[in-house]
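Below is one structure; the comments refer to it alone.
Quick note: residue numbers are just sequence positions, from 1. What you see is a predicted model; the values in this text were computed from it and never measured.
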Amino acid sequence: ENKEKIMPYKGTISHDKGSYRHFTQPNSFLPKAHVLSNGYYSVVITDKGTGYSRTKDYAITRWREDSIIDSYGMFFYIKNKDTGENWSAAYAPFNVLPDGYEVTFTADKTLIKRTNGLIETLTEIIVTSGDFAEIRRIKLKNNEKVSRNLEVTSYYEVVMAQQNSDEAHPAFSNLFVETEFNQEFQALLAHRRPRSESDKELWLAHMAVIDGNQAADIEYETDRMQFIGRGHTVSDPVAIKRERPLGNHVGNVLDPIFSLRAKVKLLPGKSARISFITMVANSKEQMLELLAKYNSVESADAAFWLAVIRSQVEAKYLNIKAHEMELYQDMISDIIFLNPLRQECAQYMQQNQKGQSALWPYGISGDRPIVVAKIQKLEDVEILYELLKAHEYWRIKDLRVDLVILVMEEYSYANPVFALVNDIVEANQSADMLHKKGDIFILNLAQSAIEDQYLFAALARLCFYGQKGSMSEQ
């Protein structure tokens, strides 16, 4: 019997080292941001540990754009029960630099490492590949010669609504959220009661999976007033400052949060891992299936491996090199925060006398961040290829950005620059995608009023000029 002989592949295989950004202290002026997404569920995390989680339709955690105060996100408080010392898994919310602090952003995850005395804290954050879920795994290592009893307390404000409705009236939005505790999985659950027949059912869960010597039962809290306390903030909540267990309040609370407290005992030289998993589902039945799926150390570890594979496949699909991805991620800080150091646009801001409504005649809502590209000559269009690639990357990461291309050529019958820009955009975007998304705008401002040019320059989070070189040079 003749069988085909399979010869081993001898060709060269290219390996890209992958994107890598490393910081040793938070940026006090403009936090460095990083986005993780599977296309349906997204997490934005800064070098301080602040940020937000959201799906395509709903905000999961509360978030406000404020690069100075920057006090929103999913936080973890750690307490040494033997010494009484408190610290956070990241720089926020206590905002105190430890003995050692490192933040590493890669394509698949975020790592935050800090050292407090002889206790090491490593936080790893991923978005799972196939589910509406994220995992924040905290590893604690005891380098002392005596055993230590540590408690880790998670905290974030529950939204489960559209971002604009939460910003408009958060107190009203909170009235429709009801919380409960599932004894089987030791998990917190919340669901949003529909306000109308068209509203979709939405469920949220928060669970802790412990890999180590658990010292006590899980404690929980869903009432922000009970956790933070009157006159306090996330930097000094009464639930952390005072020596008392969490209140285990659930139900129709006025200001819903999710907080779980896990206690572990660390022997000398040993470590423990706690995976805090946040999940979203459209029904309670689906949520219980997700809880059962991730209710093991092995499932959480497998999710980290799948996140690596997904990031590699994604980079190959988009044909993005490591240095390009690092550039696109670097620009995210300017997109989600208003950069206080935007000196190059200061003169336009002073001269601009129009507001958001002046964008509407151009079909631009102004609700999303705007990135502007200015093109004057045929030679300037090279930067468009870079910008369109970056915009596609942000779109896949569910970072919603309006790309506005301003063609500044003098009016003529042919308008060659305007025609070339249209051809480039249509060649890089399918017609269906271009019209469905509605996030790329090509405008010929040569005949427009000078005030409109001031308007776009003043409202743009990032502004690129075709004659000034590549994106990285600018």
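- Here the side chains of Leu403 and Leu388 are in contact, with some heavy-atom distance below 4.5 Å.
- For His391, the side-chain hydrogen bond (donor to acceptor under 3.5 Å, both in side chains) test picks out no residue, with sequence neighbours left out.
- For the 3.5 Å distance criterion, the side chains of Ser53 and Glu134 qualify, holding a donor opposite an acceptor.
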Could you please spell out the steps behind the salt bridge (Lys or Arg N to Asp or Glu O under 4.0 Å) verdict for Lys377 and Glu409?
CA-CA 7 Å; Lys377 303 177 181 178; Glu409 70 173 330; over 6 Å; no
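- When all heavy atoms of Ile45 and Thr110 are compared, the closest pair comes out as CG2-OG1, 3.2 Å.
- Between the side chain of Gln467 and the backbone N or O of Asp380 there is no donor-acceptor pair closer than 3.5 Å.
- Atom CG of Leu30 and atom CG of Asp334 lie 5.5 Å apart (nearest 0.5 Å).
- Counting only distance, with no hydrogens or angles, the side chain of Asn319 and the backbone of Ala315 share no donor-acceptor pair below 3.5 Å.
- Tyr77 and Tyr155 have perpendicular rings, their planes meeting at more than 60° on a 0 to 90° scale where under 30° would count as parallel.
- Across all non-hydrogen atoms, the minimal contact from Leu327 to Ser472 is CD2-N, 4.0 Å.
- With sequence neighbours excluded, no residue satisfies ring pair (Phe, Tyr, Trp, His ring centres under 6.0 Å) with Tyr294.
- For the residue pair Ile383 and Tyr465, the shortest heavy atom distance occurs at CD1-O, 4.0 Å.
- Contact of the Val372 side chain with the Ile370 side chain is registered, since non-hydrogen atoms from C-beta on lie closer than 4.5 Å.
- Side-chain contact between Phe181 and Glu221: absent, with no pair of heavy atoms (C-beta onward) separated by less than 4.5 Å.
- Between Val238 and Ile228, every side-chain heavy-atom pair lies at or beyond the 4.5 Å cut-off.
- Counted by atom type alone, His206 and Ser154 present one or more donor-acceptor pairs between their side chains at under 3.5 Å.
- Among residues two or more places apart in sequence or in another chain, the side-chain hydrogen bond (donor to acceptor under 3.5 Å, both in side chains) test is passed with Lys397 by Glu314.
- Judged by the 6.0 Å distance and 45° axis criteria, Arg137 is positioned over the aromatic ring of Phe304.
- Taking the side chain as every heavy atom from C-beta outward, Ile375 and Leu384 approach each other to under 4.5 Å.
- Partners of Tyr72 by ring pair (Phe, Tyr, Trp, His ring centres under 6.0 Å), not counting sequence neighbours: none found.
- Counting heavy-atom neighbours within 6.0 Å of Leu378 CG, excluding the residue itself, gives a total above 12.
- Partner of Glu124 under the salt bridge (charged side-chain N to carboxylate O under 4.0 Å, His left out) criterion, chosen from Lys139, Lys109, Lys113: Lys109.
- Under the 3.5 Å distance criterion, the side-chain polar atoms of Asn182 are matched with a main-chain donor or acceptor of Phe185.
- Remark: side-chain polar atoms of Ser333 are paired, donor with acceptor, to backbone N or O of Ala33 under 3.5 angstrom.
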I'd like to know whether Arg368 forms a salt bridge (Lys or Arg N to Asp or Glu O under 4.0 Å) with Asp402, so could you lay out the CA-CA distance, the side-chain angles of the two residues, the decisive distance to 0.1 Å, and finally the verdict.
CA-CA 6 Å; Arg368 294 182 291 216; Asp402 283 338; 2.9 Å; yes
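- Under a cutoff of 6.0 Å and an axis angle of 45°, Arg114 and Tyr91 do not form a cation-pi pair.
- When atom types are taken as modelled, the side chain of Asp236 and the backbone of Thr233 share a donor-acceptor pair closer than 3.5 angstrom.
- Under a cutoff of 6.0 Å and an axis angle of 45°, Lys241 and Phe227 do not form a cation-pi pair.
- Judged purely by distance below 3.5 Å, without hydrogens or angles, the side chains of Thr121 and Trp87 pair a donor atom with an acceptor atom.
- The two residues Lys374 and Ala457 come nearest to each other via the heavy atoms NZ-CB, 4.4 Å.
- When all heavy atoms of Thr106 and His34 are compared, the pair lying nearest together is O-NE2, 2.7 Å.
- Asp57 and Thr55 form no side-chain donor-acceptor contact under 3.5 Å, judged by distance and modelled atom types alone.
- The main-chain N or O of His249 is found under 3.5 Å from a side-chain atom of Thr222 such that the two form a donor-acceptor pair.
- Side-chain contact, Glu392 with Asn428: no donor N or O sits under 3.5 Å from an acceptor N or O.
- Using a 4.0 Å cut-off between a side-chain N of Lys or Arg and a carboxylate O of Asp or Glu, Asp330 and Arg21 qualify as a salt bridge.
- Arg192 and Ser173 share a side-chain donor-acceptor pair at under 3.5 Å.
- Judged purely by distance below 3.5 Å, without hydrogens or angles, the side chains of Asp70 and Thr50 pair a donor atom with an acceptor atom.
- The side-chain contact (heavy atoms from CB on, under 4.5 Å) test applied to Arg310 returns Asn38, Ser129, Ala307, not counting sequence neighbours.
- Panel note: side chain Thr128, backbone Ala133; a donor-acceptor pair is recorded below 3.5 Å.
- Not a single ring pair (Phe, Tyr, Trp, His ring centres under 6.0 Å) links His232 to another residue, sequence neighbours left out.
- The side-chain heavy atoms of Met279 and Asp131, taken from C-beta on, include no pair separated by under 4.5 Å.
- Sorted by first then second residue, the ring-ring contact (aromatic ring centres under 6.0 Å, His included) pairs that include residues 38-67, not counting sequence neighbours, are Tyr40-Phe132, Tyr52-Trp63, Trp63-Phe337.
- Looking only at atom types and distance, the side chain of Thr104 has a donor-acceptor partner in the side chain of His22 under 3.5 Å away.
- Annotation for Ser311 and Val308: closest pair OG-O, 2.7 Å, computed over non-hydrogen atoms.
- Within the structure, salt bridge (charged side-chain N to carboxylate O under 4.0 Å, His left out) pairs that include any residue of residues 152-180 comprise Arg62-Glu157, Arg62-Asp166, Arg64-Asp166, Glu157-Arg224, Glu178-Arg193, Glu180-Lys284 (at least two apart or interchain).
- Ile69 CD1: 12 or fewer foreign heavy atoms inside a 6.0 Å radius.
- In this structure Tyr362 satisfies the side-chain hydrogen bond (donor to acceptor under 3.5 Å, both in side chains) test together with Asp452, sequence neighbours excluded.
- Between Lys468 and Glu473 there is no salt bridge, since no side-chain nitrogen of the basic residue lies less than 4.0 Å from a carboxylate oxygen of the acidic one.
- A 6.0 Å sphere centred on CD of Gln25 holds no more than 12 heavy atoms belonging to other residues, nucleotides or ligands.
- By the 4.5 Å heavy-atom criterion applied to side chains, Ile257 and Tyr156 are not counted as neighbours.
- The pair Asp367-Arg400 does not meet the salt-bridge criterion, since no charged nitrogen lies less than 4.0 angstrom from a carboxylate oxygen.
- With sequence neighbours excluded, the residues that form a ring pair (Phe, Tyr, Trp, His ring centres under 6.0 Å) with Tyr328 are Tyr393.
- Within the 4.5 Å cutoff, no side-chain heavy atoms of Ile68 are placed close to those of Phe29.
- Asn352 is linked by a side-chain contact (heavy atoms from CB on, under 4.5 Å) to Lys354, Tyr454, Leu455, Ala458, counting only residues two or more places apart in sequence or in another chain.
- Screening residues 26-40 for salt bridge (charged side-chain N to carboxylate O under 4.0 Å, His left out) gives no qualifying pairs among residues at least two apart or on separate chains.
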